[in-house]
S.K.: 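Handing you a structure now.
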Amino acid sequence: MIISQKAMLTVLTSALATTASLAVNVPVKAQDIVNSRQEASPEILAQFPAVEVRKTPDAFVSPIRGAVDMTLVNGTPSVVSFMIPNTGRYVALQPEEEFSLMGLDLPAQVGFRQLDGGLTRAAVVSAQSNQDMVTVEFLPADSILTQMGSIVVSESGSVYLD
């Protein structure tokens, strides 16, 4: 049986909505994992350390008044979707298209994925520690091991690709 992507998305959305309504019956420890990072217990946070603890920075920029400018470039043959931090707004970036986030308040995290389900990674194209600008390009990932899903910029200007 062949199912269209739209039909599959509808089925998955319904399944997620049903799962979310069942969350009331989840044991306390598992419920902590379901909650956001801010609400999770210290024990749970210790099991899932922040990117700043797990990795060394991929680049450095100099924030100006607690903000940086970030340009995202889609170097994949597919549409890449990302969420603009602190807005809840998603942007669909077409192949070879770019999008600039000006005055991005720090700390910031930009989650991204290919809409067709393809594997994606990110690479810093340009960043200088004496400037407040970073350019990141989305590229096809070779395997699940190189797959990424977020760009994190700390308050100090450290850029992490995760």
Side-chain angles (χ1 to χ4, degrees), residues 12 16 19 23 26 28-162:
L12 290 173
L16 286 173
T19 304
V26 176
V28 175
K29 274 287 200 197
Q31 184 64 43
D32 285 343
I33 296 172
V34 174
N35 291 338
S36 70
R37 284 188 77 85
Q38 292 82 13
E39 298 173 10
S41 69
E43 296 83 20
I44 297 298
L45 289 176
Q47 293 175 21
F48 302 100
V51 67
E52 294 92 339
V53 175
R54 294 182 285 113
K55 297 182 73 174
T56 58
D58 293 281
F60 296 96
V61 291
S62 294
I64 296 178
R65 291 183 291 286
V68 297
D69 297 338
M70 181 185 297
T71 300
L72 303 171
V73 180
N74 184 0
T76 74
S78 304
V79 177
V80 173
S81 174
F82 65 91
M83 187 167 73
I84 299 174
N86 304 318
T87 68
R89 184 175 146 229
Y90 285 88
V91 173
L93 198 59
Q94 299 296 319
E96 303 305 318
E97 192 175 39
E98 64 180 51
F99 189 92
S100 292
L101 299 165
M102 307 305 285
L104 185 61
D105 290 330
L106 300 181
Q109 178 175 351
V110 178
F112 60 89
R113 68 182 184 92
Q114 277 188 36
L115 290 182
D116 66 2
L119 301 177
T120 311
R121 66 183 180 90
V124 174
V125 175
S126 68
Q128 294 182 0
S129 60
N130 62 348
Q131 294 184 354
D132 69 334
M133 175 74 172
V134 60
T135 301
V136 177
E137 183 174 15
F138 300 122
L139 300 166
D142 299 332
S143 75
I144 193 75
L145 298 175
T146 58
Q147 165 78 18
M148 296 177 182
S150 66
I151 304 162
V152 177
V153 184
S154 71
E155 288 183 57
S156 64
S158 297
V159 180
Y160 299 90
L161 304 177
D162 194 31

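Everything numeric here is computed off the predicted structure, so don't read it as measured data. Residues: numbered from 1 along the sequence shown.
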S.K.: Tell me the salt bridge (Lys or Arg N to Asp or Glu O under 4.0 Å) pairs involving residues 72-92, sequence neighbours left out?
M.R.: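 Non-adjacent pairs meeting salt bridge (Lys or Arg N to Asp or Glu O under 4.0 Å): zero.
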S.K.: With the side chain counted from C-beta on, respond yes when Val91 and Leu72 share a heavy-atom pair under 4.5 Å apart, and no when they do not.
M.R.: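 Not in contact.
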S.K.: Can you see which heavy atom on Ala92 is nearest to which on Glu97, and at what distance?
M.R.: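 Here Ala92 and Glu97 meet closest at O-OE1, 3.9 Å.
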S.K.: Nearest 0.5 angstrom please: Asp58 CG to Tyr160 OH, how far?
M.R.: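 If we round to the nearest 0.5 Å, Asp58:CG and Tyr160:OH are 9.0 Å apart.
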S.K.: Determine the minimum heavy-atom distance between Leu161 and Ala122, stating which atoms define it.
M.R.: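 Where Leu161 meets Ala122 most closely, the heavy atoms are CD1-O, 3.4 Å.
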S.K.: If every non-hydrogen atom of Val134 is compared with every non-hydrogen atom of Ala127, which pair is closest and at what distance?
M.R.: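 Looks like CG2-CB, 3.8 Å.
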S.K.: Under a 3.5 Å distance rule, please check whether Asp105 uses its side chain to pair with a backbone N or O of Ala67 as donor and acceptor.
M.R.: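 No, because the side chain of Asp105 does not come within donor-acceptor range (under 3.5 Å) of the backbone of Ala67.
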S.K.: Check whether any side-chain N or O of Ser143 sits under 3.5 Å from a backbone N or O of Leu145 as a donor-acceptor pair, and report yes or no.
M.R.: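 Checking the backbone N and O of Leu145 against the side chain of Ser143, a donor-acceptor pair under 3.5 Å is found.
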S.K.: Please determine whether side-chain contact (heavy atoms from CB on, under 4.5 Å) holds for the pair Val73 and Val125, giving the CA-CA distance in whole Å, both sets of side-chain angles, and the decisive distance to 0.1 Å.
M.R.: CA-CA 9 Å; Val73 180; Val125 175; 5.8 Å; no
S.K.: Residues in ring pair (Phe, Tyr, Trp, His ring centres under 6.0 Å) with Phe99, at least two apart?
M.R.: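 Partners of Phe99 by the ring pair (Phe, Tyr, Trp, His ring centres under 6.0 Å) criterion, ordered by chain and then number, come out as Phe82.
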S.K.: Find the distance between OG1 (Thr146) and CZ (Arg121) and round it off to the nearest 0.5 Å.
M.R.: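 Those atoms lie 6.5 Å apart.
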S.K.: Could you pull out the closest heavy-atom pair between Met83 and Val110, with the gap in Å?
M.R.: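 Reported closest heavy-atom pair: O-CG1, 3.9 Å.
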S.K.: Applying salt bridge (Lys or Arg N to Asp or Glu O under 4.0 Å), which residue pairs with at least one partner in residues 130-145 are found, sequence neighbours left out?
M.R.: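 Passing the test, one end in residues 130-145: no pairs.
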S.K.: Within this structure, what is the CG-CD1 distance for the pair Leu106 and Ile64, rounded to the nearest 0.5 Å?
M.R.: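 Nearest 0.5 Å value for the CG-CD1 distance: 11.0 Å.
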S.K.: What is the minimum heavy-atom distance between Leu119 and Gln147, and which atoms define it?
M.R.: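 Nearest heavy atoms, Leu119 then Gln147: CA-OE1, 2.9 Å.
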S.K.: Would you indicate whether the side-chain heavy atoms of Leu104 and Pro85 approach each other to under 4.5 Å?
M.R.: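 Pro85 vs Leu104: side chains touch.
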S.K.: Met133 and side chain to side chain contact (heavy atoms under 4.5 Å, CB included): which single residue from Val68, Thr71, Val61 fits?
M.R.: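 Answer after filtering Val68, Thr71, Val61: Thr71.
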S.K.: If you look at every heavy atom in Thr76 and Asn74, which pair is closest and at what distance?
M.R.: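 What the structure gives for the nearest pair is OG1-OD1, 2.7 Å.
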S.K.: What's the separation between atom CD1 in Ile84 and atom OH in Tyr90, rounded to the nearest 0.5 Å?
M.R.: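 One finds 11.0 Å between CD1 of Ile84 and OH of Tyr90.
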S.K.: Going by distance alone, is a donor N or O of one side chain under 3.5 Å from an acceptor N or O of the other, for Ser156 and Ser154?
M.R.: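 Short answer, yes.
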S.K.: Are Met70 and Val159 side-chain neighbours, meaning at least one heavy-atom pair lies under 4.5 Å?
M.R.: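 They are not in side-chain contact.
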S.K.: Begin with the C-alpha distance, continue with both residues' side-chain angles, and end with the deciding distance and a verdict on side-chain contact (heavy atoms from CB on, under 4.5 Å) for Met148 and Phe112.
M.R.: CA-CA 8 Å; Met148 296 177 182; Phe112 60 89; 3.9 Å; yes
